[in-house]
Amino acid sequence: MNVVNDNSCSWINDLDKRSSIKTLDKDKSCDWLIVGAGYTGLSAARKLSELHPGQKIIIVDAQLAGEGASGRNSGYLVDTTLNDGFTSNKELTNYKKKTDIYRLGIDAIKKFIKEHQVDCEWNESGKYFASSNQKDRKKLENFSKTLLKLNFEHDILEKNDLGKRLGTNFYNLALYTKGGVLLHPGKLVRSMVDMLPDNVELLENSQLNEWSKNNKTILCKFNNHKITTKKVIFCTNGFLKSLGIKNNYNFPLTLTASMTRSLTDTEFKSIGEPKEWGVLPIRPMGATIRMTKNKRILIRNTAEVHNSFKMSKLDLSKRSLNQILGIKKRFPALPDDIIESSWSGIVSRTRNSSQIFDKIDDNIFAAGCYNGSGIGVGTLFGEQIAIKASNKKSNEINIIEGRNKPTRLPPQPFLDIGIKARLIFERFRSQSDI
Ligand SMILES: Cc1cc2nc3c(=O)[nH]c(=O)nc-3n(C[C@H](O)[C@H](O)[C@H](O)COP(=O)(O)OP(=O)(O)OC[C@H]3O[C@@H](n4cnc5c(N)ncnc54)[C@H](O)[C@@H]3O)c2cc1C
């Protein structure tokens, strides 16, 4: 395994380059080791520092902190989801549990940005679950009934209204929820890196290759050095499986996205100067598409099993072509060469779309697997797994632990065959909205 990402993500390229990056350059020991510095790991580190000001806390990442999925996602902080992966939300009690967790996730981020005065282009704009296909009306109406029962404010909108709000006549119907925030994911995670407390040591470009438990300590081996720790928290999300964590419960998927340059004033006027908006698809493999604050269009319309973690330039450019087609379908008047950057990122899935929040063994903990909704939930799970690992209790932990637990995956080769077949089937069903 080698964890590297492309360096072509607009969100990350918007940020200032960081200096004084520290790597693991000698053997070390600590009280706490956190592996993975995305929203989950950084939030766990922040919380541990508060709970144990006198203890030695190290957080490591294989690449630069925050530059995995946390810095390269689509920036929807959700209060509700229609398709969580491929799982529809049919059962009210479970759906409520899921949205209770989303709500706590939003609260956790709100608290963080308020406390640290973070500018992450926060916009409580709500979101649209939209489709070009009238056949999706029934699904939307059923979703509306679920939301009504749980008191989520929403409206069903038709083509004309959508055209005015989104600047495209592509969509025929949508359910708009008032809840849900759009933000700049790179700015959010960078602020978590910048705000790491002084008693947390951050070591980057330092990949954990192997770990083992010996009596009361855990030995973690990196390329040239090792860290011996009393407790470890794994926060590597799409890479949990490659470290042998909950192997039979999670698997990685690779997503790709593209972002256009900012539209010119003339281009923006030609589509009616819409306010910032975010559309999620009604079918799982349809496109997620967003108009950002500075008039860029983001599109994400792939999810696949990809053999290596790093996508080659050629593979990425094939997906980027697909994304320009997705943009042209919706905005035919925009030029073909408008994409500024394309990138890939790894998410983690479980069979029933439930998250991992677990004690793996004495002194060994893991949190992750949020599918496409890890901004809030990752932040929440990071803070709460730190509390759990410190043998403390919280109301949030009770709510998290009341969720459905991830179910066991089928063995190989059935797992790979099953995932690939499902992705092809769902892609076919979503064809019109890719
Ligand atoms: C294209 C895309 C769009 C998405 N859109 C959304 C969205 O709109 N809304 C939303 O809520 N979520 C979205 N997500 C999902 C969201 O980004 C993730 O759920 C979230 O970032 C998970 O955070 P994390 O900290 O658990 O994991 P990550 O951010 O993946 O961090 C894990 C870290 O672990 C490090 N690591 C891995 N292996 C090792 C190792 N062996 N040693 C050391 N370090 C290691 C990695 O380098 C990485 O930095 C999207 C994801 C992608 C890829």
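Both counts, for ligands and for their atoms, begin at 1 and track the order of listing. These numbers were taken from a predicted model, which means no experiment stands behind them. Worth knowing before you read on, the calculation uses all heavy atoms, side chains too, and leaves out hydrogens, waters and symmetry mates.
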### Query
Taking atom types as modelled, is there a side-chain donor on N73 or Y39 under 3.5 Å from an acceptor on the other?
yes

### Query
Heavy-atom distance to atom 21 (O) of ligand 1: which of G382, G38, G374, S70 wins?
S70

## Note on the structure
Heavy-atom proximity to atom 40 (C) of ligand 1, picking from V347, V60, L208, points to L208

### Under 3.5 Å: N/O of G368 near N/O of ligand 1
no

### Query
More than 12 heavy atoms of other residues, nucleotides or ligands under 6.0 Å from CG of N7: is that the case?
no

### Query
Got a sec, which residues hit side chain to side chain donor-acceptor pair (under 3.5 Å) with W122, two or more places apart in sequence or on another chain?
E124

### Query
Has ligand 1 got any nitrogen or oxygen that is less than 3.5 angstrom from a nitrogen or oxygen of Q63?
yes

### N199 side chain to S49 side chain, donor-acceptor N/O pair below 3.5 angstrom
yes

### Query
Could you give all pairs that pass the ring-ring contact (aromatic ring centres under 6.0 Å, His included) test and reach residues 175-204, with sequence neighbours left out?
W11-H184, Y128-Y176

### Query
With a 4.5 Å heavy-atom cut-off, do L203 and I59 have their side chains touching?
no

### Query
Hey, does G66 come in under 3.5 Å of ligand 1, counting only N/O atoms on both sides?
no

## Note on the structure
Of L42, D61, T40, the one whose closest heavy atom lies nearest atom 35 (C) of ligand 1 is D61

### Message
Below 4.0 Å from ligand 1: does a non-hydrogen atom of S373 turn up there or not?
### Response
yes

### Message
Within ligand 1, which atoms have a heavy atom of G345 less than 4.0 Å away?
### Response
53 (C)

#### Entry: F239 neighbourhood, listing ligand 1 atoms whose heavy-atom distance to it stays under 4.0 Å
37 (C), 38 (N)

### Query
CG of D198: more than 12 outside heavy atoms within 6.0 angstrom?
no

### Query
Less than 3.5 Å between some nitrogen or oxygen of A257 and one of ligand 1, yes or no?
no

### Task
Give the numbers and elements of all ligand 1 atoms closer than 4.0 Å to a heavy atom of S206.
43 (C)

### Message
Quick one about H116 and S191 (side-chain donor to acceptor, distance below 3.5 Å, no hydrogens or angles considered), yes or no?
### Response
no

### Query
In terms of atom number and element, which parts of ligand 1 are under 4.0 angstrom from non-hydrogen atoms of V35?
42 (N), 43 (C)

### Query
To which of L255, T302, T379 does the heavy atom nearest atom 52 (C) of ligand 1 belong?
L255

### Message
Less than 4.5 Å apart, side chain to side chain, heavy atoms only: is that true for N250 and R349?
### Response
no

### Task
Check ligand 1 against C235 and write out every atom of the ligand that is under 4.0 Å from a heavy-atom position of the residue.
32 (C)

### Message
Below 3.5 Å, N or O to N or O, backbone or side chain included: is there any such pair between S74 and ligand 1?
### Response
yes

### Query
For ligand 1, which atoms, with element, lie under 4.0 Å from some heavy atom of Y76?
7 (C), 8 (O), 9 (N), 10 (C), 11 (O)

### Message
Only heavy atoms of G36, strictly under 4.0 Å: list the atoms of ligand 1 that pass.
### Response
33 (C), 34 (O), 35 (C)

### Query
Side chains of L162 and F170: closer than 4.5 Å at any heavy-atom pair?
no

### Task
Give a yes/no on ligand 1: does T288 have at least one heavy atom closer than 4.0 angstrom to it?
no

### Task
Using only heavy-atom distances, determine whether the side chains of N301 and Q323 contain a donor-acceptor pair under 3.5 Å.
yes

### Summary
A student comparing G372, G378, A44 should find that the heavy atom closest to atom 10 (C) of ligand 1 comes from G372

### Query
Counting only heavy atoms, which portion of E67 has something under 4.0 Å from ligand 1: side chain, backbone, both, or neither?
neither

#### Entry: cation_pi(K246, Y249) dist<6.0 Å, angle<=45
yes

### Distance filter under 4.0 Å to N371 heavy atoms, resulting ligand 1 atoms
15 (C), 19 (O)

### Aromatic ring pairing F381/Y370, orientation class (parallel under 30°, perpendicular over 60°, tilted between)
perpendicular

### Query
Under a 4.0 Å heavy-atom limit, does Y39 contact ligand 1 with its side chain, its backbone, both, or neither?
both

